[in-house]
Amino acid sequence: MTIERVIVVGAGQMGSGIAQVAAGAGLHVILNDIKPEFVEKGFTAIKKNLSRDVEKGRKSKEQMDEIISRITLSTDLTNARDVDFALEAVIENIEMKSDVFRKLDEITPPHAILASNTSSLPITEIAAVTKRPDKVIGMHFMNPVPVMQLIEVIRGLATTAETYKAVEDLSKRMGKTPVEVNDFPGFVSNRVLMPMINEAIYCIYEGVAAPEAVDEVMKLGMNHPMGPLTLADFIGLDTCLYIMEVLHDGLGDSKYRPCPLLRKYVKAGWLGRKSGRGFYIYE
Ligand SMILES: CC(=O)CC(=O)SCCNC(=O)CCNC(=O)[C@H](O)C(C)(C)COP(=O)(O)OP(=O)(O)OC[C@H]1O[C@@H](n2cnc3c(N)ncnc32)[C@H](O)[C@@H]1OP(=O)(O)O
Ligand SMILES: NC(=O)C1=CN([C@@H]2O[C@H](COP(=O)(O)OP(=O)(O)OC[C@H]3O[C@@H](n4cnc5c(N)ncnc54)[C@H](OP(=O)(O)O)[C@@H]3O)[C@@H](O)[C@H]2O)C=CC1
């Protein structure tokens with residue numbers, strides 16, 4: 001099937017990055033969030049990223065303007081009535097995501113594919129709230145979306161080969177590499193990554209080392225581009241906690257218990273870079 005018109009629901013760090021990359025691939029994109037200020041914030045981030053590309057000579061000013069002109073801002077989900085493809089990137093919460101999928105199923109045309117950028121939640125369960133589980137799929141981008149190569153593509157129980165192929169093609173059109181995985185809590189990426197981040201937080205909680213030291217060990221010792229605590233702040237500590245809870249509940253193994261310090265920080269509103277404070281303080 002041909003995908004030309006796309007809606008991205010949720011204009012946070014992931015949604016805005018996805019909208020940027022989709023528009024860069026020539027698609028017409030509606031960027032939707034619940035409040036105008038959230039959509040504006042996402043749009044500002046897109047313009048800033050594209051301006052950097054122009055400054056670095058990777059794009060011309062005309063190319064940047066063209067990409068921007070393909071993005072429409074929206075706070076009204078009924079704008080999804082003409083799309084071929086919807087990509088949900090709201091917070092990592094099954095009720096919120098189910099609510100968005102129920103609405104998208106009612107609003108979008110019958111041929112439209114409904115994809116979720118969920119980091120860990122079951123695609124099969126999200127698909128079950130719609131009348132088109134065959135057209136529901138996980139399309140898990142990595143952060144920062146414009147830079148990272150991978151898209152983890154997750155088939156739900158009812159996802160058809162045709163839907164998978166459309167998402168595989170779309171991923172390649174966006175310049176990314178799709179990797180197929182099965183629908184299990186945390187998929188592959190976060191089943192492997194998040195326990196490492198959680199363990200790094202335990203190192204702080206148990207006084208093994210300071211955050212800077214933990215990050216230096218992993219950067220210099222394991223050649224990770226960012227230390228795990230810097231990365232946790234970058235992902236968002238709320239998102240890290242949600243993912244650990246999904247792993248813990250979904251796999252039923254105590255090795256996935258979220259570190260109490262992670263819970264404490266999230267309760268304090270220390271969500272990392274996006275709130276100005278996490279394991280580090282940001283200006
Ligand atoms: C939680 C989940 O469900 C799944 C996930 O996403 S887990 C998170 C996965 N992501 C990671 O692990 C990221 C790890 N970190 C990195 O790879 C690197 O630190 C990084 C790419 C983010 C930054 O790289 P760096 O070398 O330290 O910094 P910097 O030199 O400023 O940036 C490198 C390039 O990325 C670009 N970049 C950095 N941050 C960016 C952003 N937020 N948006 C767009 N572009 C960005 C820069 O413009 C720069 O581009 P050029 O080299 O072409 O000029
Ligand atoms: N952060 C990361 O590194 C990665 C995250 N993901 C996944 O992507 C998703 C989004 O994460 P991220 O972008 O980091 O989170 P953010 O908190 O940056 O963004 C989420 C956005 O969605 C908005 N939103 C909430 N409910 C709705 C709704 N009903 N309709 C429209 N918009 C809504 C939020 O608004 P408000 O602020 O009001 O809540 C916010 O603007 C999550 O599922 C996460 O697990 C996937 C890969 C990597």
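Please read all numbers here as calculations on a predicted model, not as lab measurements. All ligand and atom numbering here is 1-based and tracks the order in the structure.
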Fill in the blank from the handout: Ranked by distance from atom 18 (C) of ligand 1, the top protein heavy atom is P225 CB, 4.0 Å
Exercise for the section: Might you check, step by step, whether the distance between atom 37 (N) of ligand 1 and some protein heavy atom is under 4.0 Å? Expected result: yes
Exercise for the section: Looking only at protein heavy atoms, identify the closest one to atom 21 (C) of ligand 1 and say how far it is in Å. Expected result: V147 CG1, 3.8 Å
Handout entry: Per-residue contact class, H140 against ligand 1 - non-hydrogen pairs under 4.0 Å
Key = side chain
Exercise for the section: To the nearest 0.5 Å, tell me how far L262 CG sits from K267 NZ. Expected result: 10.5 Å
Exercise for the section: Measure the distance from atom 12 (O) of ligand 1 to every protein heavy atom, then report the residue, atom name and distance (to 0.1 Å) of the closest one. Expected result: L231 CD1, 3.6 Å
Practice task
Classify the side-chain pair N49/Q20 by whether it contains a donor and acceptor separated by less than 3.5 Å.
Solution key: yes
Handout entry: Under-4.0 Å protein heavy-atom contact, atom 51 (P) of ligand 1
Key = yes
Problem - contact_flag S189 ligand 1 heavy-atom lt 4.0 Å - result: no
Problem - Atom OH of Y282 with >12 non-hydrogen neighbours under 6.0 angstrom - result: yes
Handout entry: Pairwise distance CZ(R70) to CZ(R5) - rounded to 0.5 angstrom
Key = 14.5 Å
Exercise for the section: Could you tell me whether a side-chain N or O of T75 sits under 3.5 Å from a main-chain N or O of D33, the two making a donor and an acceptor? Expected result: no
Handout entry: pair Y280-E212: side-chain heavy atoms closer than 4.5 Å
Key = yes
Problem - Minimal non-hydrogen separation, A19 against I46, with atom names - result: CB-CD1, 4.1 Å
Problem - Heavy atom of protein closer than 4.0 angstrom to atom 34 (C) of ligand 1 - result: no
Problem - Min side-chain heavy-atom separation L150-F141 under 4.5 Å - result: no
Handout entry: Minimum-distance protein heavy atom relative to atom 2 (C) of ligand 1
Key = N190 ND2, 3.4 Å
Practice task
Just jot down the ligand 1 atoms closer than 4.0 angstrom to any heavy atom of N49, in number order.
Solution key: 43 (N), 44 (C)
Practice task
Heavy-atom contacts with M226 under 4.0 Å: which atoms of ligand 1 show up? List them by number with element.
Solution key: 14 (C), 15 (N), 19 (O), 22 (C)
Which pairs of N or O atoms, one from ligand 2 and one from the protein, are separated by less than 3.5 Å, and what is the distance for each pair?
{"from": "ligand 2", "atom 1": "1 (N)", "to": "Q13", "atom 2": "NE2", "distance (Å)": "3.3"}
{"from": "ligand 2", "atom 1": "1 (N)", "to": "I235", "atom 2": "O", "distance (Å)": "2.8"}
{"from": "ligand 2", "atom 1": "3 (O)", "to": "N143", "atom 2": "ND2", "distance (Å)": "3.0"}
{"from": "ligand 2", "atom 1": "6 (N)", "to": "S119", "atom 2": "OG", "distance (Å)": "3.1"}
{"from": "ligand 2", "atom 1": "8 (O)", "to": "N117", "atom 2": "ND2", "distance (Å)": "2.9"}
{"from": "ligand 2", "atom 1": "13 (O)", "to": "Q13", "atom 2": "N", "distance (Å)": "3.4"}
{"from": "ligand 2", "atom 1": "13 (O)", "to": "M14", "atom 2": "N", "distance (Å)": "2.9"}
{"from": "ligand 2", "atom 1": "14 (O)", "to": "Q13", "atom 2": "NE2", "distance (Å)": "3.2"}
{"from": "ligand 2", "atom 1": "17 (O)", "to": "K274", "atom 2": "NZ", "distance (Å)": "3.2"}
{"from": "ligand 2", "atom 1": "18 (O)", "to": "Q13", "atom 2": "N", "distance (Å)": "3.1"}
{"from": "ligand 2", "atom 1": "32 (N)", "to": "D33", "atom 2": "OD1", "distance (Å)": "3.1"}
{"from": "ligand 2", "atom 1": "41 (O)", "to": "D33", "atom 2": "OD2", "distance (Å)": "2.8"}
{"from": "ligand 2", "atom 1": "43 (O)", "to": "V90", "atom 2": "O", "distance (Å)": "3.2"}
{"from": "ligand 2", "atom 1": "43 (O)", "to": "E92", "atom 2": "OE1", "distance (Å)": "2.5"}
{"from": "ligand 2", "atom 1": "43 (O)", "to": "K97", "atom 2": "NZ", "distance (Å)": "2.7"}
{"from": "ligand 2", "atom 1": "45 (O)", "to": "E92", "atom 2": "OE1", "distance (Å)": "2.8"}
{"from": "ligand 2", "atom 1": "45 (O)", "to": "S119", "atom 2": "OG", "distance (Å)": "2.6"}

Fill in the blank from the handout: Residues pairing under side-chain hydrogen bond (donor to acceptor under 3.5 Å, both in side chains) where one sits in residues 143-156, two or more places apart or in two chains, turn out to be Q13-N143, H140-E152, Q149-T177, E152-S189, R155-E180
Problem - Where F101 and T130 come nearest, the two heavy atoms and their spacing - result: O-CG2, 3.9 Å
Exercise for the section: Answer with yes or no whether the side chains of Y256 and D249 bring together a donor and an acceptor at under 3.5 Å. Expected result: no
Problem - Ligand-residue contact atoms, ligand 1 with R52, heavy atoms, under 4.0 Å - result: 37 (N), 40 (C), 41 (C), 43 (N), 44 (C), 45 (N), 46 (C), 48 (O)
Exercise for the section: For the residue pair D76 and T78, confirm or rule out a side-chain donor-acceptor distance under 3.5 Å. Expected result: yes
Problem - atom 10 (N) of ligand 1 touched by protein (heavy atom, under 4.0 Å) - result: yes
Exercise for the section: Determine if the distance from atom 40 (C) of ligand 1 to the closest protein heavy atom is below 4.0 Å. Expected result: yes
Exercise for the section: Determine, stepwise, if the pair R173 / E168 fulfils salt bridge (Lys or Arg N to Asp or Glu O under 4.0 Å). Expected result: CA-CA 9 Å; R173 186 171 165 192; E168 189 179 41; over 6 Å; no
Practice task
Report yes or no: does a heavy atom of R58 sit under 4.0 Å from some atom of ligand 1?
Solution key: yes
Practice task
Look at atom 42 (N) of ligand 1 and say which protein heavy atom is nearest, naming residue and atom and giving the distance to 0.1 Å.
Solution key: P144 CB, 3.5 Å
Practice task
Decide whether T230 and D215 meet the rule of one side-chain donor and one side-chain acceptor closer than 3.5 Å.
Solution key: yes
Practice task
Tell me, please: is Q13 in heavy-atom contact with ligand 1, that is, under 4.0 Å?
Solution key: no
Handout entry: Enumerated ligand 1 atoms positioned under 4.0 Å from heavy atoms of I235
Key = 1 (C), 7 (S)
Handout entry: Over all atoms of both residues, closest heavy-atom pair of L31 and G10
Key = CD1-O, 4.2 Å
Handout entry: Atom indices of ligand 1, in the order listed, that fall short of 4.0 Å to a heavy atom of M142
Key = 4 (C), 5 (C), 6 (O)
Problem - Ligand-residue contact atoms, ligand 1 with L193, heavy atoms, under 4.0 Å - result: 7 (S)
Practice task
Measure from atom 45 (N) of ligand 1 to the protein's non-hydrogen atoms and state whether any distance is below 4.0 Å.
Solution key: yes
Handout entry: Within-cutoff protein neighbour (heavy atom, under 4.0 Å) for atom 26 (O) of ligand 1
Key = no
Practice task
Determine, stepwise, if the pair D183 / L157 fulfils side chain to side chain contact (heavy atoms under 4.5 Å, CB included).
Solution key: CA-CA 8 Å; D183 191 15; L157 202 56; over 6 Å; no
Completion exercise
In this structure, atom 54 (O) of ligand 1 is nearest to the protein heavy atom K56 NZ, 2.5 Å
Handout entry: Flag if over 12 foreign heavy atoms under 6.0 Å of CD, E162
Key = no
Practice task
Determine, counting only non-hydrogen atoms of the protein, whether one lies under 4.0 angstrom from atom 29 (P) of ligand 1.
Solution key: no
Fill in the blank from the handout: Heavy-atom proximity to atom 6 (O) of ligand 1, picking from N117, N143, V21, L150, points to N143
Practice task
Answer with yes or no whether the side chains of N190 and S120 bring together a donor and an acceptor at under 3.5 Å.
Solution key: no
